[in-house]
Amino acid sequence: MGFSSTLDDALSQSVEHAINMIAAMFEMPRQQVYLLLSAAIDFDVTQAVNITKGVHGLIDLSMFQQLPAYERTIRDIRTYADDASQTHPTPAVNIPLETADGLPCGACLIDPAGSDKSLIGLTKELYRENEITDGFLNNHAAR
């Protein structure tokens, strides 16, 4: 996934992220991943009407079944998904923010299972201690 003020830059970021992710997951050279993905991935626009543009690509991991790292990678993905499933709920709060130059962005606060109340308390405290404008939490101290 890539985000930028232009769709071209967002697409470039998304391509780079896909190449880096697949190269790391399947222990493949970046150039080989680039050649493979050039024929095997389609990118779509995630958001175009906002100031920040977004692009994402979907990758069918089954094309990597013959690689030695495939089983380990799929097992790691399933383990991560299981940890985040309803059997081990992980509370999360999304907070709208803005960058120093005024572009919208956001943060996701994630806490261990069972800590819902403390996470909600932290979020309320952040909103009380910071200025809220136009639905965005503006952290002027970080500027």
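Using a distance-only test at 3.5 Å, with no hydrogens or angles considered, no donor-acceptor pair links the side chain of Gln47 to the main chain of Gly54. The backbone N or O of Phe26 lies less than 3.5 Å from no partner atom in the side chain of Thr73, so there is not a single donor-acceptor pair. Judged by distance alone, with hydrogens and angles left aside, the side-chain atoms of Lys53 form a donor-acceptor pair with the main-chain N or O of Ala48 at under 3.5 Å.
Between Ala18 and Ile41 the shortest heavy-atom distance is CB-CD1, 4.4 Å. What you find for Ser62 and Tyr70 is that their closest heavy atoms are CA-OH, 4.1 Å.
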Query raised in the report: So Ile77 and Leu61, side-chain contact (heavy atoms from CB on, under 4.5 Å) or not? Walk me through it.
Result: CA-CA 11 Å; Ile77 291 170; Leu61 297 181; 3.7 Å; yes
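Atom CE in Met28 sits 5.5 Å away from atom CG in Leu36 (nearest 0.5 Å). Between Phe3 atom CZ and Asp9 atom CG the span is 14.0 Å, to the nearest 0.5 Å. Rounding to the nearest 0.5 Å places OG of Ser14 at 10.0 Å from CD1 of Ile19.
With respect to Leu11, the side-chain contact (heavy atoms from CB on, under 4.5 Å) criterion is satisfied by exactly one of Asp8, Val15, Leu7: Val15.
Qualifying side-chain hydrogen bond (donor to acceptor under 3.5 Å, both in side chains) partners for Asn20, counting only residues two or more places apart in sequence or in other chains: Arg30. Looking at residues two or more places apart in sequence or on another chain, you find no side-chain hydrogen bond (donor to acceptor under 3.5 Å, both in side chains) involving Gln32.
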